[in-house]
> 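If you scroll down you'll find the structure; I have some questions about it.
All residue numbers in this chain count up from 1 along the given sequence.
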Amino acid sequence: MTSAQFDFAPLLAPGLPPPAARWTGLARFSFVGGNNDPEQVPVEGLVAAIDAVLKREGRTLATYGLANGPQGYLRLREFLKAKLQRDAGIACSADDLLIVSGSLQALDLVNQTLLARGDTVIVEQESYQGALNRLGRLGVTAVGVPLDHEGLRMDALASALADLKQRGIRPKYIYTIPTVQNPTGTIMPEARRGELLKLSETYGVPIFEDDCYADLIWDGQRPPAIHAMSRTGNVIHIGSFSKSIAPALRVGFIVAPWAMLSRMLALKTDAGSGALEQMVLAEYCAPHFATHVPKLTRGLRAKLDTLMEALNEQFGTAAEFELPKGGIFLWVKLPEQVDTLKLYQAALAAGVSINPGPEWSTDKASSKSRLRLCFASPSHEQIREGVAVLAGVCRKEFGVPARSANVETGARTSI
Ligand SMILES: Cc1ncc(COP(=O)(O)O)c(C=O)c1O
């Protein structure tokens, strides 16, 4: 006997996003997403940490929020307070911090607190897809401001703000990833951060500072956070353990004035982010973070070198890129005839996943032949092999690169 499946469709709430696709697994050569290096997850240290913290404090799991209140595990907030002061110059207390389920939840909470359909925000022209998609779904206009090798361009920002003001529009925030920008890998210098703060104050538009890559800088040197430089409390600062420890842990944080934090806390209705993750991070990071991060960064830099070598070898001058100052991504420009949205499909069929540029930009035309490659998660071997496969696919689809691995293919040069 067959029974008809219950139909939920007529009951669905209005305005839902399109349904999610089913997970079909990672590509053989995966250069997508913000994944980290599996070899660099400090597994033994995490095992020892969870063992120690559970033996000592395991019974606190009986109480929501570990009896530390809704803002998160106090020892983790104390660790962050000290780290943010030391590394980013942020003077805050544990009470100014809210632990969230990855910085994606921070993006959602900030957006829910400030944005309504029809609002306008300012973003970097090349920016994090997760942030751009959210704004699109909320019906918010994202005005993209161009970047240069020092991040967001202040002349372009000043014009955008003046233009919006003239049209009677006050943007809700300026979203920036100033310390190892995603996807371009730049770091905004201190002087430019000062100019940004001035513009923010002049136009009454707060800054939303996303600092999730700030630990992964090749030379370990970073300017103070914009939050640290603000004298008026006009900056919301977010960060994450995804890039420095592991993204699957889902632990991020927000530093904001209580006027904003209290609103976000009221919207965070999950009764606290995962407690085990917070406990293990606090226990591991307090003694080990300072030694773990330089080791991780050295490994990432070696992978970047492998990627750049492989691109030079396989694509020659057809692949252009600037050396990122840190992080896990390379932002690559291919010749104009390459449409990376199409390349993405063909490469995937050959087992290579890449992030096509237009998904990381508000300017679809200028990013048409760009792609973003994550070099953290594939092995050195996979990087070399994957780039070779990608070059073969690109040549077949678009005729470039004409040469590969210093071997002329004849594809474009035969008489
Ligand atoms: C700029 C930026 N912000 C936020 C996130 C979200 O990170 P998570 O939710 O894992 O902290 C990412 C992830 O790649 C990112 O690149």
Side-chain angles (χ1 to χ4, degrees), residues 26-37 126 129 147 149 180-186 213 216-218 297-361 366-413:
L26 287 174
R28 181 154 166 244
F29 303 107
S30 175
F31 295 96
V32 293
N35 297 314
N36 219 321
D37 184 346
E126 277 68 46
Q129 183 198 30
L147 299 147
H149 64 286
V180 189
Q181 209 268 344
N182 179 3
T184 58
T186 59
Y213 296 98
L216 309 181
I217 299 177
W218 309 141
T297 310
R298 270 196 302 280
L300 293 174
R301 179 61 221 249
K303 285 190 166 185
L304 169 63
D305 286 342
T306 299
L307 176 61
M308 294 191 300
E309 274 166 34
L311 285 167
N312 285 333
E313 194 177 307
Q314 299 293 338
F315 282 84
T317 53
E320 295 171 42
F321 44 82
E322 303 274 331
L323 180 71
K325 295 244 161 60
I328 55 177
F329 304 118
L330 190 65
W331 184 234
V332 180
K333 166 94 178 68
L334 293 178
E336 286 303 324
Q337 70 262 42
V338 180
D339 176 342
T340 54
L341 285 166
K342 290 194 181 131
L343 177 64
Y344 159 77
Q345 297 287 354
L348 198 58
V352 183
S353 56
I354 58 164
N355 286 128
E359 293 179 357
W360 259 261
S361 179
S366 74
S367 55
K368 175 181 150 267
S369 52
R370 292 265 182 186
L371 68 152
R372 194 193 73 164
L373 297 173
C374 170
F375 51 81
S377 73
S379 65
H380 288 269
E381 187 85 294
Q382 286 171 326
I383 291 173
R384 280 188 283 267
E385 275 187 57
V387 169
V389 175
L390 182 65
V393 172
C394 194
R395 187 178 314 109
K396 188 160 162 255
E397 297 291 319
F398 300 100
V400 286
R403 285 163 161 269
S404 149
N406 295 326
V407 177
E408 196 150 344
T409 63
R412 304 264 296 182
T413 51

> Would you check if the side chain of Gln181 reaches a backbone N or O of Glu126 as a donor-acceptor pair within less than 3.5 Å?
yes
> Under the side chain to side chain contact (heavy atoms under 4.5 Å, CB included) rule, what do Val393 and Val352 come out as? Steps first, then yes or no, please.
CA-CA 10 Å; Val393 172; Val352 183; 6.0 Å; no
> Between Leu373 and Phe329, is there a side-chain heavy-atom distance shorter than 4.5 Å?
no
> Once rounded to the nearest 0.5 Å, what's the spacing between atom CZ of Arg395 and atom CD of Glu397?
12.0 Å
> Are the side chains of Lys333 and Glu336 in touch, meaning some heavy atoms are under 4.5 Å apart?
yes
> What's the separation between atom OG in Ser369 and atom CD in Glu320, rounded to the nearest 0.5 Å?
9.0 Å
> Enter the distance from Ser377:OG to Asn36:CG here, rounded to the nearest 0.5 Å.
8.5 Å
> With side chains defined as the heavy atoms from C-beta onward, is the minimum distance between Val180 and Pro324 less than 4.5 Å?
no
> With a 4.5 Å cut-off on side-chain heavy atoms, are Leu330 and Arg372 touching?
no
> So Phe29 and Ile354, do their side chains get closer than 4.5 Å, heavy atoms only?
no
> Is it true that a side-chain atom of Lys303 and a backbone atom of Asp37 form a donor plus acceptor pair closer than 3.5 Å?
no
> Would you mind reporting whether Trp331 and Leu371 have side-chain heavy atoms less than 4.5 Å apart?
no
> Shortest non-hydrogen contact from Phe375 to Leu300?
CE1-O, 3.4 Å
> Verify side chain to side chain contact (heavy atoms under 4.5 Å, CB included) between Leu323 and Met308, making sure each step is shown before the conclusion.
CA-CA 9 Å; Leu323 180 71; Met308 294 191 300; 3.5 Å; yes
> State whether the number of non-hydrogen atoms from other residues, nucleotides or ligands found under 6.0 Å of Tyr344 atom OH is greater than 12.
no
> For side chain to side chain contact (heavy atoms under 4.5 Å, CB included), just list the numbers for Leu26 and Ser353, CA-CA rounded to whole Å, side-chain angles, deciding distance to a tenth of an Å, and then say yes or no.
CA-CA 8 Å; Leu26 287 174; Ser353 56; over 6 Å; no
> Find the distance between OG1 (Thr306) and NE2 (His380) and round it off to the nearest 0.5 Å.
4.5 Å
> Can Thr186 and His149 be said to form a side-chain hydrogen bond (donor to acceptor under 3.5 Å, both in side chains), step by step?
CA-CA 6 Å; Thr186 59; His149 64 286; over 6 Å; no
> Determine yes or no for a side-chain-to-main-chain donor-acceptor pair under 3.5 angstrom, with Asn355 supplying the side chain and Gly33 the backbone.
yes
> Do Leu334 and Leu343 have side-chain heavy atoms sitting under 4.5 Å apart?
yes
> Can you name the closest pair of heavy atoms from Gly351 and Ala27 and give their distance?
O-CB, 3.7 Å
> Do the numbers put Arg301 on top of the ring of Trp218, so that NZ or CZ is under 6.0 Å from the six-membered ring centre and no more than 45° off the axis?
yes
> Could you pull out the closest heavy-atom pair between Pro378 and Cys374, with the gap in Å?
CD-O, 3.6 Å
> Is the shortest heavy-atom distance from the side chain of Val400 to the side chain of Phe315 under 4.5 Å?
no
> For Gln382, is there any backbone N or O sitting under 3.5 Å from a side-chain donor or acceptor partner on Ser379?
yes
> Does a salt bridge link Arg28 with Glu385, judged by any charged N lying under 4.0 Å from a carboxylate O?
yes
> Can you tell me if Thr340 uses its side chain to pair, donor with acceptor, with the backbone of Arg370 under 3.5 Å?
yes
> Pair Leu307, Phe321 - check side chain to side chain contact (heavy atoms under 4.5 Å, CB included), show working.
CA-CA 11 Å; Leu307 176 61; Phe321 44 82; over 6 Å; no
